[in-house]
There are 2 protein chains.
Amino acid sequence: MGSPEYIKIVEAIKGRITSEEIKPGDAIQSENLLCEEFNVSRMTVRKGLAVLVNEGYIYSIPGKGNYVCEPNLDSYTLHFDEMMATDKKGEEIRLIEVNVVKPSYEVGFNLEIPENKHVIVVKRVFLSDGHVKAFDVKYIPYYRGIPIVEKEIRYATFPEMVAKKNSIFAMTKKLKIKAIAAKDEVSQILDVMEGDAILVVEQKLLDEKDHPIGWGSMYFAGDDSGLEAIASFD
Amino acid sequence: MGSPEYIKIVEAIKGRITSEEIKPGDAIQSENLLCEEFNVSRMTVRKGLAVLVNEGYIYSIPGKGNYVCEPNLDSYTLHFDEMMATDKKGEEIRLIEVNVVKPSYEVGFNLEIPENKHVIVVKRVFLSDGHVKAFDVKYIPYYRGIPIVEKEIRYATFPEMVAKKNSIFAMTKKLKIKAIAAKDEVSQILDVMEGDAILVVEQKLLDEKDHPIGWGSMYFAGDDSGLEAIASFD
DNA sequence: GAGTGGTCTAGACCACGAA
DNA sequence: TCGTGGTCTAGACCACTCT
């Protein structure tokens with residue numbers, strides 16, 4: 001095998017873990033012993049162990065040793081992005097409202113702003129072959145001088161909408177996923193019966209000080225729309 | 001500051017990225033220049049860069065340089081686990097069925113097994129102060145000799161149920177999240193009206209060869225139940 | 001050929017845990 | 001006190017890219 005030494009070490013130890021030769025909570029050999037076993041320097045052993053730490057297989061306690069992790073049974077990676085709803089052909093986004101308004105109680109609460117501070121509201125619908133698939137509503141605190149370029153907003157993801165004011169790198173994002181019964185504006189715009197099951201993805205963006213800089217929801221109609229997530233370590 | 005040199009390097013470069021001094025796609029100084037700038041050896045610089053690679057800030061191209069990543073706008077970490085539904089007091093899990101049955105078409109399709117091969121079905125309800133909050137149904141291919149210990153199964157997460165046969169470390173897990181209208185068994189067991197909105201988390205477990213080793217769904221009643229996810233890099 | 005990142009070595013010193 | 005992991009150095013050689 002032409003793979004680097006540290007990769008061989010990673011694979012050897014992974015094998016011992018997945019084959020349950022060593023179990024969660026067990027210590028693995030000390031780094032010096034691994035040096036002897038694989039005939040490499042300590043830095044090479046440590047590089048291999050670093051990979052295993054990153055991938056969630058082991059953790060280390062200074063002064064004691066390296067230990068096999070309890071597997072994370074509950075961690076998943078979810079990809080969500082407003083533009084996911086427009087992958088295929090025959091799909092279209094319509095901007096149905098861009099406005100500066102006073103916040104409702106709910107919006108003010110979630111953006112942590114007083115009632116008299118205005119917010120930008122952006123409402124969009126996502127169509128597939130003429131049928132409404134999703135309805136998206138987003139609120140952003142309004143600052144004087146923000147340019148609202150409709151063309152840019154139409155195809156923007158939520159983080160991109162607020163990126164003018166805040167670096168995308170310094171932003172925290174949170175999702176809440178719920179099922180609700182359609183009513184009022186949501187049922188009208190999605191063109192479904194009141195009471196129909198709707199998947200809601202509520203999104204909140206926070207700046208580096210954990211202050212909200214955006215809040216809103218996307219509503220999906222129909223049993224066929226859904227989200228997918230894949231297990232991940234760490 | 002008493003922090004290690006490589007952490008100082010990490011923070012310095014992170015600062016240049018979040019302040020947009022260097023932008024996605026830009027190259028950062030070569031490792032040798034960073035050695036001079038921070039007065040450290042190349043291994044120390046590389047250790048810092050490795051951290052930035054792991055955290056999704058930069059990537060490197062051998063023979064060329066290190067570059068700032070386009071930020072991942074759509075990646076979230078979701079924590080899901082059947083036992084999440086039982087955090088608080090006054091909550092209870094009831095095992096309502098454990099059986100060996102022939103698979104329905106849907107179950108056989110998802111587990112990729114023939115009709116004549118049996119499956120174990122596990123049905124549980126999650127109660128909060130006497131009210132049904134969630135209904136969980138899981139299917140596992142049946143192999144002769146599998147012991148079914150009701151006490152263990154009652155409080156087990158799905159990966160734990162199949163862990164007897166397959167190492168938890170060698171398992172892939174996938175989720176699909178949907179909203180459906182309650183009907184039949186789901187509406188009866190959750191004690192809601194037919195047509196009420198239900199959040200469904202469908203789970204599939206795969207072995208190292210991508211063969212299904214478990215499939216099932218958990219149904220959540222009520223607008224208040226939902227899932228949360230937090231943005232993550234990588 | 002000069003510069004880049006990727007791998008690796010053989011040492012060193014430190015803070016920490018256990019006996 | 002001894003072994004452990006955490007940090008760091010000053011070299012080295014390689015494969016690669018660019019000019």
Side-chain angles (χ1 to χ4, degrees), chain A residues 1-17 21-71 233-234, chain B residues 1-17 21-71 233-234:
Chain A
M1 291 209 298
S3 56
E5 294 302 319
Y6 77 92
I7 295 290
K8 292 180 193 168
I9 297 172
V10 168
E11 286 171 355
I13 298 177
K14 266 192 196 175
R16 290 172 198 174
I17 294 173
E21 184 185 325
I22 43 179
K23 293 189 176 58
D26 289 356
I28 57 185
Q29 300 107 298
S30 76
E31 296 178 356
N32 286 319
L33 287 178
L34 289 168
C35 292
E36 290 175 26
E37 182 184 343
F38 292 95
N39 273 303
V40 294
S41 75
R42 189 164 157 239
M43 285 303 273
T44 303
V45 165
R46 284 182 60 72
K47 183 152 187 178
L49 295 179
V51 171
L52 291 166
V53 168
N54 282 323
E55 296 187 359
Y57 284 90
I58 66 171
Y59 61 96
S60 54
I61 302 179
K64 293 192 71 180
N66 291 285
Y67 297 85
V68 179
C69 288
E70 298 292 333
F233 289 89
D234 72 67
Chain B
M1 291 209 297
S3 56
E5 294 303 319
Y6 76 93
I7 295 291
K8 292 179 194 166
I9 298 172
V10 169
E11 286 170 354
I13 297 178
K14 265 191 197 176
R16 290 172 198 174
I17 294 174
E21 184 184 323
I22 43 178
K23 294 190 176 55
D26 289 357
I28 57 186
Q29 300 108 297
S30 75
E31 296 177 357
N32 285 319
L33 288 177
L34 289 168
C35 293
E36 291 174 26
E37 181 183 342
F38 292 96
N39 273 302
V40 293
S41 76
R42 185 160 162 242
M43 286 303 273
T44 303
V45 165
R46 283 182 60 73
K47 182 154 186 176
L49 296 179
V51 172
L52 292 166
V53 168
N54 281 322
E55 296 186 359
Y57 284 90
I58 64 171
Y59 61 95
S60 54
I61 302 179
K64 293 192 71 178
N66 290 285
Y67 297 84
V68 179
C69 289
E70 298 292 333
F233 290 89
D234 76 67

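Letters A, B, ... mirror the listed sequences (proteins, then strands); counts begin at 1. Hydrogens, waters and symmetry mates play no part in the numbers below; they use all other heavy atoms, side chains included.
Taking every heavy atom of residues 39-48 of chain B and every atom of DNA chain D, pairs under 4.0 Å involve N39(B), V40(B), S41(B), R42(B), M43(B), T44(B), K47(B), by number.
The minimum heavy-atom distance between R42(B) and N32(B), with the atom names listed, is CD-OD1, 3.9 Å. Annotation for R16(A) and F38(A): closest pair NH2-CZ, 4.1 Å, computed over non-hydrogen atoms. Closest approach of Y59(A) and C69(A) over heavy atoms only: CD2-SG, 3.6 Å.
Taking the charged nitrogens against the carboxylate oxygens, E11(A) and K14(A) have no contact shorter than 4.0 Å, which rules out a salt bridge.
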Seminar exercise, completed: Contact string for nucleotides 14-19 of chain D, one letter per nucleotide 5' to 3', B = base within protein heavy-atom range under 4.0 Å, S = sugar-phosphate only, - = neither, reads --BSS-
Exercise. Side chain to side chain contact (heavy atoms under 4.5 Å, CB included) between Y6(A) and V51(A): does it pass, once the steps are laid out?
Worked result: CA-CA 9 Å; Y6(A) 77 92; V51(A) 171; 4.1 Å; yes
Problem set entry | Step-by-step side chain to side chain contact (heavy atoms under 4.5 Å, CB included) determination, I9(A) to E37(A) | CA-CA 10 Å; I9(A) 297 172; E37(A) 182 184 343; over 6 Å; no
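An OP1 or OP2 oxygen of dT4(D) is reached within less than 4.0 angstrom by a side-chain nitrogen or oxygen of S30(A).
When each of T44(B), V10(B), I58(B) is tested with L49(B) by the rule side chain to side chain contact (heavy atoms under 4.5 Å, CB included), just one qualifies, namely I58(B).
Rounded to the nearest 0.5 Å, atoms CD (Q29(B)) and SG (C35(B)) are 11.0 Å apart. Taken from CE in M43(A) to CD in E31(A), the straight-line distance is 10.0 Å, to the nearest 0.5 Å. Atom-to-atom distance recorded for L52(B):CG and I28(B):CD1 is 7.0 Å, nearest 0.5 angstrom.
The footprint of chain A on DNA chain C, defined by a heavy-atom cutoff below 4.0 Å, extends from dT7(C) to dA18(C).
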